[in-house]
Amino acid sequence: MKRLTLALGISCIVFTAATTVLAQTPAPPAAPAGAPAAPAAAAAAPAPSKIDKGDTAWMLTSCALVLMMTAPGLALFYGGMVRQKNALGTLMQSFIIMALISVQWVLWGYTLAFGPDKGGIIGGLDWIGLRGVGGEPFDAYSKTIPHSVFMLFQMMFAIITPALITGAFAERKKFSAFILFTLLWATFVYDPLAHWVWGDGGWLKKLGALDFAGGTVVHISSGVSALVCAIMIGKRRGYGHQPMQPHNLPMTVMGAALLWFGWFGFNAGSALEANALAASAFLATNTAAAAAALGWMFTEWATRGKPTVLGAASGAVAGLVAITPASGFVGPIASIIIGAIAGLVCYAACNFKSRLGYDDSLDVVGVHAVGGTWGALATGLFASKAVNDAGADGLFYGNPGQLWIQIVAVLATYVLAVVATVIILKIVDALVGLRVSEEDEVAGLDLSQHSETAYTLGGGSYSEFTSGSGAYTEAIRAAESKARPAH
């Protein structure tokens, strides 16, 4: 913990100092009045950018909707699926990511992701500390909303993406390791990938890859990184031998419903205007989620004999994941097909993990890696310029080349996520260790990492379980003997 504190402290000092210096550096002076115009100005100038109040209001609303997807949405969705002794620890991870990435994005995340291009790979440090990111539009990204609003909208994507990964290592990762991993992953995986796909000059953007709201940037990157985490951190103790049922499915369903609601800001907001394209993306999002919930439910019903509430909720999320990259490029019928297939395929993937032998606690790989991959490829099949003339036609509209571009984007995302996540996990393991001790894992993350309990049992403690003997009893006693914070 001391090494983590030292590492974070040094990082904050360095970036804060750099931010302060650059923020105080005066911007280049404007050309004096009456100065001769540059030769390029002889051509007809494009229409000047103008802030639209309606677009700005819609985008601020979308910012709030997407932030809500992390907490309470994802926090409740994941928190209900873990065992009771890990409920608070799981909620805490989603909650604290909102704080951690909000600061990282302001200091250096945004400029790395969307700053002036450096070779198509990364953004420059020109906007470190949000220097130069103000109330005027930045034409390369949006002409009708303030640059600061675009930055805020993208911040919400940067927040939820690493939060998705936490479902793969739920119930066994050190909180200190989680903090350090999140900070490094956001900086070295999310920020470069966002620049590749969405940044002005990014190489995948110039290649023509279509990702309307984050199939590659958000879902494939988090899902593939989740697989690496599940393998490298290892299985939960007792996995495959002890029951590990969700402790609160009503909480999970409420979380899924909030995710569905917030996803309208996620996808429809990515139009960056309150216009017909936003309405089309809104419709596609809702349609795909509905089709996927039904697809998962009927598949489970046919194979297991009964439809489950958790399955229906997971299916809806799978459909939302799959439609994300395609939402601004496809119509309602394509949305039904994409969603229904996502429900079936993601259900199969989540059930297949037991044969592969890894412990993805909350099925991040099956839903986000598989669903995101299908969605990105489906965009190359169903995209139509009749829906969005700024996009491209897909294979089914006479352009097979778009499918190959989507395949390149998917493979590039896989490579970056796998290689960088492996390196980051090895660094974190060397500095603070990745997972809690056996004693702490048996006691649960709530007590061992936070000295708190989610629910009151016997007056607010686990004392009723500590009267006997055995490994569980000893672990509880050891965890409860640690100093508890005063509130």
Side-chain angles (χ1 to χ4, degrees), residues 64-83 86-87 90-91 93-95 97-98 156-157 159-161 163-168 170 213-215 218-219 222-223 226 245-268 282 284-301 306-324 327 335 338-340 342-347 349-351 360-372 374-375:
L65 287 170
V66 181
L67 182 63
M68 186 189 69
M69 290 173 65
T70 303
L74 189 69
L76 291 174
F77 185 66
Y78 280 175
M81 283 196 281
V82 297
R83 290 168 288 178
N86 298 307
T90 303
L91 293 169
Q93 289 175 347
S94 289
F95 188 82
I97 277 178
M98 294 197 300
M156 305 314 166
F157 285 67
I159 287 171
I160 195 172
T161 306
L164 296 172
I165 304 173
T166 62
V218 176
H219 298 295
S222 61
Q245 294 97 336
H247 88 283
N248 193 328
L249 280 179
M251 179 188 293
T252 293
V253 176
M254 287 189 290
L258 286 169
L259 283 170
W260 191 334
F261 177 64
W263 224 289
F264 295 127
F266 200 81
N267 287 358
F282 196 115
T285 300
N286 190 70
T287 305
L294 294 174
W296 186 303
M297 183 188 74
F298 284 120
T299 302
E300 185 177 42
W301 201 343
K306 292 184 184 296
T308 66
V309 176
L310 178 59
S314 299
V317 174
L320 293 164
V321 169
I323 198 60
T324 290
S327 57
S335 302
I338 293 171
L344 191 156
V345 170
C346 292
Y347 170 79
C350 291
N351 284 279
D360 172 15
S361 306
L362 308 181
D363 290 323
V364 183
V365 180
V367 173
H368 294 277
V370 175
W374 158 240

Within this structure, what is the CE-CG distance for the pair Met81 and Leu310, rounded to the nearest 0.5 Å? 6.0 Å

Show, in sequence, the C-alpha distance, side-chain angles and deciding distance for Thr324 and Val218, and conclude whether the side chain to side chain contact (heavy atoms under 4.5 Å, CB included) test is met. CA-CA 9 Å; Thr324 290; Val218 176; 6.0 Å; no

Could you list the residues that satisfy salt bridge (Lys or Arg N to Asp or Glu O under 4.0 Å) with Asp363, not counting sequence neighbours? Lys353

Leu259 side chain near Val317 side chain, heavy-atom distance below 4.5 Å: yes

Non-neighbouring partners of Met254 that pass side-chain contact (heavy atoms from CB on, under 4.5 Å), sequence neighbours left out: none

To the nearest 0.5 angstrom, please state how far the OG1 atom of Thr70 sits from the CZ atom of Phe77. 13.5 Å

For Thr90 and Thr166, what are the C-alpha separation, side-chain angles and deciding distance, and is it a side chain to side chain contact (heavy atoms under 4.5 Å, CB included)? CA-CA 8 Å; Thr90 303; Thr166 62; 5.8 Å; no

Identify the two heavy atoms, one from Ile323 and one from Ser335, that lie closest to each other, and give their separation to 0.1 Å. CD1-OG, 3.9 Å

Working to the nearest 0.5 angstrom, can you tell me the gap between Leu76 CG and Asn248 CG? 9.0 Å

Taking the side chain as C-beta and beyond, is there a heavy-atom pair between Thr308 and Leu249 under 4.5 Å? no

Could you tell me how the ring of Tyr347 sits relative to the ring of Trp296: parallel (under 30°), tilted (30 to 60°) or perpendicular (over 60°)? perpendicular

Could you measure the distance from the OH atom of Tyr78 to the CG atom of Leu362? Nearest 0.5 Å is fine. 6.5 Å

If I compare all heavy atoms of Leu67 with all of Met98, which pair ends up nearest, and what's the gap? CD1-SD, 3.5 Å

Are side-chain heavy atoms of His247 and Asn86 found at a separation under 4.5 Å? no

Would Trp263 and Asn286 count as having a side-chain donor-acceptor pair, cut-off 3.5 Å? no

Minimum heavy-atom separation for Ala318 and Ala292, please, with both atom names. C-CB, 4.5 Å

Just wondering, do Ile160 and Phe266 contact through their side chains at under 4.5 Å, heavy atoms? yes

Please report the interatomic distance OG1(Thr285) to CG(Leu320), rounded to the nearest 0.5 Å. 7.0 Å

Does Leu294 have any side-chain contact (heavy atoms from CB on, under 4.5 Å) partners at least two apart in sequence or in another chain, and if so, which? Met297, Phe298

Could you work out, with side-chain contact (heavy atoms from CB on, under 4.5 Å) as the rule, every residue matching Ala226, not counting sequence neighbours? Ile165, Ala168, Val364, Val365

Is Ser94 reaching over with its side chain to a backbone N or O of Leu91, donor-acceptor style, under 3.5 angstrom? no

What I'd like to find out is whether the side chain of Trp374 reaches to under 4.5 Å of the side chain of Val321, using heavy atoms alone. no

Just to verify, what does Ala293 make a side-chain contact (heavy atoms from CB on, under 4.5 Å) with, not counting sequence neighbours? Ala316

Just wondering, do Phe261 and Met68 contact through their side chains at under 4.5 Å, heavy atoms? yes

Is a side-chain N or O of His368 found less than 3.5 angstrom from the main chain of His219, in a donor-acceptor match? no

Is there a donor-acceptor contact under 3.5 Å from the side chain of Thr287 to the main chain of Ala284? no

Tell me, please, which residues at least two apart from Thr252 pass side-chain hydrogen bond (donor to acceptor under 3.5 Å, both in side chains). none

Gln245 side, atom CD; Arg83 side, atom CZ - distance, nearest 0.5 Å: 9.5 Å

